[in-house]
Amino acid sequence: ALLAAAVSTKLAAPSALPKTSSKFKVFTRPALFPGVIAGAIGFAVGAFISFSPLIGQQLGLSNPGLYLTIYAVANLMGQFIFGPISDRWGRRWVIAPGMLLLAAALTMLGMPLSARLALVTPFLFGLGTSSAVPGILAWAVDLSAPHEHGLANSTVLILWELFVTA
């Protein structure tokens, strides 16, 4: 943490910050719809993460944390794959497939599966999350005015966090 703080003091300041309104804002209207979609995903992710250790135990894993580790690794891998796709081909090429992967993972959660096949579920969940959520964040920025890009991100992430903890 100290190293990160030291490095951050060396970051160059932007030459000219865009003008903002004098009013303090917490949300930006164009990012609300993407934020609600991200929140719905966050609601599913919150439940998934909460119950992952129990699912791992039910599957007979010697280390139930393995189930959540599979999710985390898939999520990290997906960030490297889907970010460039979103920038090159557009947001719909990552959001829609991400939502389909999440739907498949949620469907698999409700089905009786063998232990090996059940380990595909957190992998699909991680890929779906890493595809849809960054795409939604970028979409919210696309919809917002240049001086509200940071506010658009915070709007989506506030709704994400509210739904994850719901």
Side-chain angles (χ1 to χ4, degrees), residues 1 3-18 20 25-52 65-109 118-166:
L3 178 62
V7 169
S8 70
T9 63
K10 301 296 181 193
L11 295 174
S15 57
L17 292 173
T20 60
K25 293 172 68 174
V26 178
F27 293 106
T28 181
R29 187 177 306 263
L32 286 175
F33 182 64
V36 170
I37 294 172
I41 295 169
F43 184 76
V45 168
F48 178 80
I49 289 173
S50 296
F51 290 108
S52 287
L66 176 64
Y67 197 77
L68 196 53
T69 301
I70 293 170
Y71 165 79
V73 167
N75 196 339
L76 182 62
M77 285 176 25
Q79 301 283 332
F80 290 105
I81 296 167
F82 299 116
I85 292 172
S86 173
D87 289 339
R88 187 169 301 135
W89 292 324
R91 311 308 178 214
R92 70 177 58 168
W93 291 101
V94 293
I95 296 171
M99 300 292 271
L100 290 173
L101 287 168
L102 287 165
L106 286 169
T107 301
M108 290 175 71
L109 270 177
L119 292 178
V120 173
T121 303
F123 189 79
L124 292 178
F125 216 98
L127 283 180
T129 303
S130 67
S131 178
V133 175
I136 290 169
L137 282 164
W139 177 36
V141 168
D142 293 345
L143 295 174
S144 66
H147 67 277
E148 291 188 332
H149 285 176
L151 187 58
N153 271 317
S154 68
T155 298
V156 172
L157 292 173
I158 287 169
L159 290 167
W160 164 269
E161 292 297 336
L162 285 173
F163 280 80
V164 164
T165 58

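Positions are given from 1 along the sequence.
Between W160 and V133, some side-chain heavy-atom pair lies under the 4.5 Å cut-off. Counting heavy atoms from C-beta outward, V156 and W139 have side chains that stay 4.5 Å or more apart. Side-chain contact check for I37 versus I95: every heavy-atom pair is 4.5 Å or farther apart.
In this structure, A74 and P122 approach most closely via the heavy-atom pair CB-O, 4.5 Å. Scanning both residues, L102 and F125, for their nearest heavy atoms gives CD2-O, 3.7 Å. Here the closest heavy-atom approach between residue F82 and residue V94 is recorded as O-CG1, 3.3 Å. Of all non-hydrogen atoms in F48 and L109, the two that sit nearest each other are CD1-CD1, 3.8 Å. Smallest separation of non-hydrogen atoms from P84 and I81: CD-O, 3.5 Å. The nearest pair of heavy atoms linking I136 to P34 is CG2-O, 3.2 Å.
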Begin with the C-alpha distance, continue with both residues' side-chain angles, and end with the deciding distance and a verdict on side-chain contact (heavy atoms from CB on, under 4.5 Å) for Y67 and L119. CA-CA 7 Å; Y67 197 77; L119 292 178; 3.9 Å; yes
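Legend: residues meeting side chain to side chain donor-acceptor pair (under 3.5 Å) with S154, ordered by chain and number and at least two apart, are absent. For I49, the side chain to side chain contact (heavy atoms under 4.5 Å, CB included) criterion is met by V45, L68, Y71, not counting sequence neighbours. Residues passing the side chain to side chain contact (heavy atoms under 4.5 Å, CB included) test with Q79 are N75, S130, P134, sequence neighbours excluded. Partners of T155 according to the side chain to side chain contact (heavy atoms under 4.5 Å, CB included) rule, which considers only residues two or more places apart in sequence or in another chain, are F27, T28, A31, L32, L151, L159. Listed by chain and number, the residues in a side chain to side chain contact (heavy atoms under 4.5 Å, CB included) with L124 are L101, A104, A105, M108, V120 (sequence neighbours excluded).
Applying the side chain to side chain donor-acceptor pair (under 3.5 Å) test to residues at least two apart or on different chains, none of the pairs has a partner in residues 31-51.
Checked by atom type and distance alone, the side chain of S131 never pairs as donor or acceptor with a backbone atom of G128 at under 3.5 Å.
Atom CZ of residue R29 and atom CD of residue E148 lie 11.0 Å apart, to the nearest 0.5 angstrom. Considering CG of L66 and OG of S52, their distance stands at 11.0 Å, rounded to 0.5 Å.
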